[in-house]
2 protein chains.
Amino acid sequence: MDTSVICPRFESAISILSQRWTGLIIYQLLSGPKRFSKLTEVIGISGRLLSERLKNLEAQGLVSRTVYPETPVRIEYELTEKGKSLKPVMDEIQSWSQEWIEAPPETTAETK
Amino acid sequence: MDTSVICPRFESAISILSQRWTGLIIYQLLSGPKRFSKLTEVIGISGRLLSERLKNLEAQGLVSRTVYPETPVRIEYELTEKGKSLKPVMDEIQSWSQEWIEAPPETTAETK
DNA sequence: ATATATTAGTTACTTTATGTAACCTATTGT
DNA sequence: ACAATAGGTTACATAAAGTAACTAATATAT
């Protein structure tokens, strides 16, 4: 049975974006290079999965990894051109969400 | 610990799209209403998961389900306005994939 | 020299999601 | 009554994700 009645490139793109966390990682990196610890903190992903995702994104040419041998060591993850070119996709998701997703109630501090 | 440093609406939108299969289901329905069996066939998803995903999409107001009591019964799934409004997102993913994903080699018949 | 602090991960283990295939229900044509 | 068809559901196996403790490398403090 042939699964790929759908355009294989589109399917491939969707499979990248439909993997949990990758969208958020790319979104965060669109605002500039980030360190490992910053990403875990801001996204709420575990080290285990972040590590795995970053390796995949690197292998797919979307993200580059740079080591700065300072002390303590600083390692930055940055989008490549291919990664940055996803900005229009993220922008569309963003604007769709603003129009169609209703604001969730505040859980922490009430904004009155 | 606060996970949502990211805009909650964006996070919510991403969580819909980053669930496996939902992107492809929406993409298929953008070209018009489809039946259950057609979706399984064209996407390559199992009945179990398609059923689950369609229920979620319905609950989220992205898809509507219509029963036509013909014989045999015909049930059609169709995007709501909210669902259709994802077209620009899908279009951006499509055009990104055309520019940045390389064509995979033909596996079935060689196109020479 | 030893102890401590910091970043960036990895390992071992549990829980949840997905894949697979057989089965069920309702309707109708034979 | 029996088979055929659409649209699912159930039970079970495998893969992915969540959690928390641990490790490696380097530099500063004692």
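Letters A, B, ... mirror the listed sequences (proteins, then strands); counts begin at 1. These numbers come from the heavy atoms of this one structure, side chains and all, not from hydrogens, waters or symmetry mates.
- No contact: A:Lys38 has no heavy atom under 4.0 Å from any strand.
- For B:Leu24 and C:dT18, the CG to C1' distance is 15 Å, given to the nearest whole Å.
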Derivation of the side chain to side chain contact (heavy atoms under 4.5 Å, CB included) call for A:Ser18 and B:Trp21:
CA-CA 8 Å; A:Ser18 73; B:Trp21 303 116; over 6 Å; no
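- With C:dT18, C:dG9, D:dG8 as the choices, the nucleotide that has an atom nearest any side-chain atom of B:Gln19 turns out to be C:dT18.
- Rounding to whole angstrom units, CD of residue A:Glu41 and C1' of C:dG9 are separated by 17 Å.
- The side chain of A:Arg20 places no N or O atom within less than 4.0 Å of a non-bridging phosphate oxygen (OP1 or OP2) of C:dA17.
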At under 4.0 Å between heavy atoms, how does the protein contact nucleotides 20-30 of chain D? Give one character per nucleotide, 5' to 3', with B, S or -.
-------S---
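- Heavy-atom distances to DNA chain D give each of A:Gly47 and B:Arg35 a nearest nucleotide, and the one nearer the 5′ end belongs to B:Arg35.
- For A:Val73, taking side-chain heavy atoms from C-beta onward, the closest of the listed nucleotides C:dG19, C:dT10, C:dA8 is C:dA8.
- Rounded to an integer number of Å, the gap from B:Ile43 CD1 to C:dT18 P is 14 Å.
- Between B:Tyr77 and D:dG8 there is a side-chain polar atom (N or O) within less than 4.0 angstrom of OP1 or OP2.
- You'll find that the side chain of B:Arg65 is closest to D:dG8, out of D:dG8, C:dT18, D:dA17.
- Remark: P of D:dA16 and CG of A:Leu50 are 18 Å apart, rounded to the nearest angstrom.
- For B:Glu58 and D:dG8, the CD to C1' distance is 14 Å, given to the nearest whole Å.
- A heavy-atom distance below 4.5 Å is not found between the side chains of B:Glu76 and B:Lys34.
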Where do A:Ile25 and A:Ile43 land on the side chain to side chain contact (heavy atoms under 4.5 Å, CB included) test, with the steps shown first?
CA-CA 7 Å; A:Ile25 293 168; A:Ile43 296 178; 3.7 Å; yes
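- Considering only heavy atoms from C-beta on, A:Arg74 stays 4.5 Å or farther from A:Phe36 through its side chain.
- With axes fitted over five pairs at each extremity, the angle between the ends of the helix from C:dA1-D:dT30 to C:dT30-D:dA1 is 20° (10° resolution).
- Between A:Leu79 and A:Lys84, the shortest heavy-atom contact is O-CE, 3.6 Å.
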Using residues 86-93 of chain A as the side-chain source, report each donor-acceptor pair under 3.5 Å to any protein atom, sequence neighbours left out, with the distance given to one decimal.
| residue | atom | partner | partner atom | Å |
| --- | --- | --- | --- | --- |
| A:Lys87 | NZ | A:Asp91 | OD1 | 3.3 |
| A:Lys87 | NZ | A:Asp91 | OD2 | 2.9 |

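- Side-chain atoms of A:Glu52 lie closest to D:dA17 of the nucleotides C:dG19, D:dA17, D:dG18.
- Close to C:dT7, at under 4.0 Å from its OP1 or OP2, lies no side-chain N or O of A:Ser37.
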Working for side chain to side chain contact (heavy atoms under 4.5 Å, CB included), residues B:Gln98 and A:Cys7
CA-CA 10 Å; B:Gln98 297 310 305; A:Cys7 165; 3.6 Å; yes
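- Rounded to an integer number of Å, the gap from A:Leu39 CG to C:dG9 P is 10 Å.
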Carefully, step by step, assess B:Tyr77 and B:Ser64 under the rule side chain to side chain contact (heavy atoms under 4.5 Å, CB included).
CA-CA 6 Å; B:Tyr77 292 92; B:Ser64 67; over 6 Å; no
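- If you measure from atom NZ of B:Lys55 to atom P of D:dG7, you get 15 Å, rounded to the nearest angstrom.
- A:Trp21 has a side-chain polar atom (N or O) that falls below the 4.0 Å cut-off from OP1 or OP2 of D:dG18.
- Comment: B:Glu11 does not engage B:Arg9 in a salt bridge, judged by the lack of any side-chain N to carboxylate O separation of less than 4.0 angstrom.
- In this structure, the side chains of A:Val73 and A:Val67 come closer than 4.5 Å at one or more pairs of heavy atoms.
- A straight line from CG of A:Leu54 to P of D:dA17 spans 14 Å, rounded to a whole angstrom.
- In the set C:dT18, D:dA17, C:dA8, C:dT18 carries the atom at the smallest distance from any side-chain atom of B:Arg53.
- Distances shown here put every side-chain N or O of A:Lys34 at or beyond 4.0 Å from the OP1 or OP2 atom of C:dA8.
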